[in-house]
Protein chains: 2
Amino acid sequence: MLRNKTIADPTPVYFKLQQEIQTKIEKGQWTPGQCILPERILAEIHKVSIGTVKKALLNLVHKGYLYRIQGKGTFVAGTTLRRESLRYYRFLRNFRDNEADLKIKLLELKKINGQQPHNRYLKIRSDQNLYEIRRLFFFKKNPIVYSISYLPQKMFQNLHEFPIYLFEKVTLYEALEKNYAVPTIYNHELFGATVADAKTAQLLQITDGRAVLFIEMLSFTYRDKPYEYRKSYCVTDERKVFNEI
Amino acid sequence: MLRNKTIADPTPVYFKLQQEIQTKIEKGQWTPGQCILPERILAEIHKVSIGTVKKALLNLVHKGYLYRIQGKGTFVAGTTLRRESLRYYRFLRNFRDNEADLKIKLLELKKINGQQPHNRYLKIRSDQNLYEIRRLFFFKKNPIVYSISYLPQKMFQNLHEFPIYLFEKVTLYEALEKNYAVPTIYNHELFGATVADAKTAQLLQITDGRAVLFIEMLSFTYRDKPYEYRKSYCVTDERKVFNEI
DNA sequence: GCTCATTTGTTCGTATGTATC
DNA sequence: TGATACATACGAACAAATGAG
């Protein structure tokens with residue numbers, strides 16, 4: 001057992017181990033915060049050297065699946081750790097402004113029939129039904145964002161049975177990660193300017209026909225699976241949407 | 001010479017080597033595309049093991065400063081390699097659309113006095129002068145973006161002496177990287193919706209007072225030094241600005 | 001506060017595989 | 001084919017952080 005590699009399979013040993021662990025995390029068999037087996041044990045089990053185990057684990061640290069604490073152990077990471085490369089909106093007046101603290105109000109959560117282009121974006125059949133979540137975000141009592149989210153019912157069963165505060169106290173992605181083990185890996189966004197329609201203008205307390213920022217967002221979880229399509233209308237006179245690349 | 005570490009300096013050897021190489025690249029002593037010394041030689045020079053050199057080099061590969069080709073060598077990377085974590089705008093109609101190919105027209109390049117908030121954003125004194133670059137971006141003969149860039153004169157001396165095509169054939173960041181060795185490391189952006197003023201509306205060939213997407217961008221090079229402040233006005237009825245996070 | 005077992009972090013050295021020219 | 005350079009893998013030793021007793 002000096003060499004686990006054969007001529008037929010050029011896949012490095014560390015890579016196989018790395019993939020094995022990644023899969024366990026993606027399937028939810030190893031959950032965020034959990035301490036995994038120490039290097040030494042993993043090396044014994046897989047009959048490889050410590051160095052090989054180290055390489056596999058460090059690669060997964062780089063990819064954001066694990067984090068390590070010297071003297072304590074190796075742990076499964078949650079979305080928050082990967083969030084340094086995943087930025088959600090912040091609202092600023094200018095580049096030196098402090099971040100605005102937003103309050104969330106849930107307007108409506110209901111089941112709706114599948115529709116286009118939503119289902120196409122979510123990569124589900126057109127007859128699959130959706131959850132529709134309408135929310136209003138406030139900055140100091142003033143509404144500044146109105147958003148409508150669409151999620152596959154099949155993926156988030158019984159979402160309507162959760163208490164309302166779940167959607168008002170934490171961001172949607174935090175709620176979904178906790179309750180459905182669906183971490184956000186990356187987002188796609190489209191930015192545009194549009195004119196507020198009557199309903200949106202009323203909700204955002206602006207005059208009908210004013211220019212608002214329109215953002216379409218598609219959020220992806222593991223294996224490039226889209227799980228949320230969201231449309232947002234933002235009042236940007238005072239505060240603009242901030243993005244750090 | 002068994003251990004290079006002393007009690008007084010707990011900084012790992014690989015980290016010092018890593019920083020040394022990174023500095024050489026940042027200062028332009030080692031330029032993009034250049035092949036650096038092989039592992040073995042670096043190990044001899046610094047009197048460390050191959051493994052330690054490897055660790056330093058692999059970290060810099062991960063940070064985007066180097067790339068390695070088995071059997072050939074280790075090379076200094078250009079901005080393009082780091083660009084996977086640095087996205088510039090793309091224009092799409094929807095999430096499944098193909099990217100639009102834009103043509104650039106330089107409207108004006110002139111020296112102007114320093115002004116606020118520009119100089120503050122660029123972290124330069126208020127008496128330092130600027131270059132102002134006005135450009136128009138076309139998609140199939142139709143203007144869709146009007147942008148005004150501000151750069152520190154001191155940092156880009158003789159920029160006005162470059163031929164016009166430099167600003168029309170390649171993106172501004174490519175031109176700056178090539179001619180001034182100023183690679184883009186990250187951007188900050190502010191998105192908003194606004195109403196086109198008379199001049200902007202005329203340039204973008206839209207009716208006065210229509211909603212346009214307004215983007216403010218601050219670009220940073222090494223050591224968190226801002227080098228460009230840009231304001232862009234985008235027509236987004238057909239195509240929206242795409243962002244991949 | 002101290003000791004000690006555990007765990008990760010760093011460094012070394014060696015051998016072999018594989019890609020490039 | 002051979003020389004060179006990077007990639008993988010092994011094993012060993014010690015440093016440094018953690019937490020329990």
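With respect to B:Glu20 and B:Lys16, no salt bridge is recorded, no charged nitrogen being found less than 4.0 Å from a carboxylate O.
At the heavy-atom level, A:Ile69 lies under 4.0 Å from the strands shown only through sugar-phosphate atoms. Counting any heavy atom pair closer than 4.0 Å across all strands shown, B:Lys54 reaches a base atom. Residue contacts shown for A:Gly51 are absent, as no nucleic acid heavy atom lies under 4.0 Å away.
Taking atom CG on A:Leu58 and atom P on C:dT7, their separation rounds to 17 Å, with Å as the unit. Counting to the nearest Å, the C1' atom of D:dC6 and the CD1 atom of B:Ile50 are 10 Å from each other. In this structure, the CG atom of A:Leu42 is 13 Å from the C1' atom of C:dT8, given to the nearest Å. Distance, B:Gln18 CD to C:dT11 P: 11 Å, rounded to whole Å. For A:Leu60 and C:dT8, the CG to P distance is 14 Å, given to the nearest whole Å. Spacing between atom CD1 of B:Ile36 and atom C1' of D:dT4 amounts to 15 Å, rounded to whole angstrom units. The NZ atom of A:Lys55 sits 17 Å away from the P atom of D:dG11 (whole-angstrom rounding). Summarising the geometry, the separation between OH on B:Tyr67 and P on C:dA19 is reported as 19 Å, rounded to the nearest angstrom.
For the pair A:Thr74 and C:dT7, the criterion of a side-chain N or O lying under 4.0 Å from OP1 or OP2 is not met. One finds a side-chain N or O of B:Arg40 lying less than 4.0 angstrom from the OP1 or OP2 phosphate oxygen of D:dA5. Between C:dC21 and B:Lys72, a contact under 4.0 Å exists linking OP1 or OP2 to a side-chain N or O.
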Open item on the list: I'd like to know whether B:Glu216 forms a side chain to side chain donor-acceptor pair (under 3.5 Å) with B:Tyr229, so could you lay out the CA-CA distance, the side-chain angles of the two residues, the decisive distance to 0.1 Å, and finally the verdict.
Closed with: CA-CA 7 Å; B:Glu216 283 179 278; B:Tyr229 168 56; 2.5 Å; yes
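In terms of modelled atom types and a separation under 3.5 Å, the side chain of A:Lys231 and the main chain of A:Met217 share no donor-acceptor contact. With A:Gln34 contributing its side chain and A:Thr31 its backbone, the two residues share a donor-acceptor pair below 3.5 Å.
In A:Phe15, the CZ atom is not crowded: 12 or fewer heavy atoms of neighbouring residues, nucleotides or ligands sit closer than 6.0 Å.
Here the side chain of A:Ser49 is nearest to one of D:dC10, C:dA19, C:dT10, namely D:dC10.
When each of A:Gly71 and B:Arg68 is assigned the nucleotide of DNA chain D bearing its nearest heavy atom, the one mapping closer to the 5' terminus is B:Arg68.
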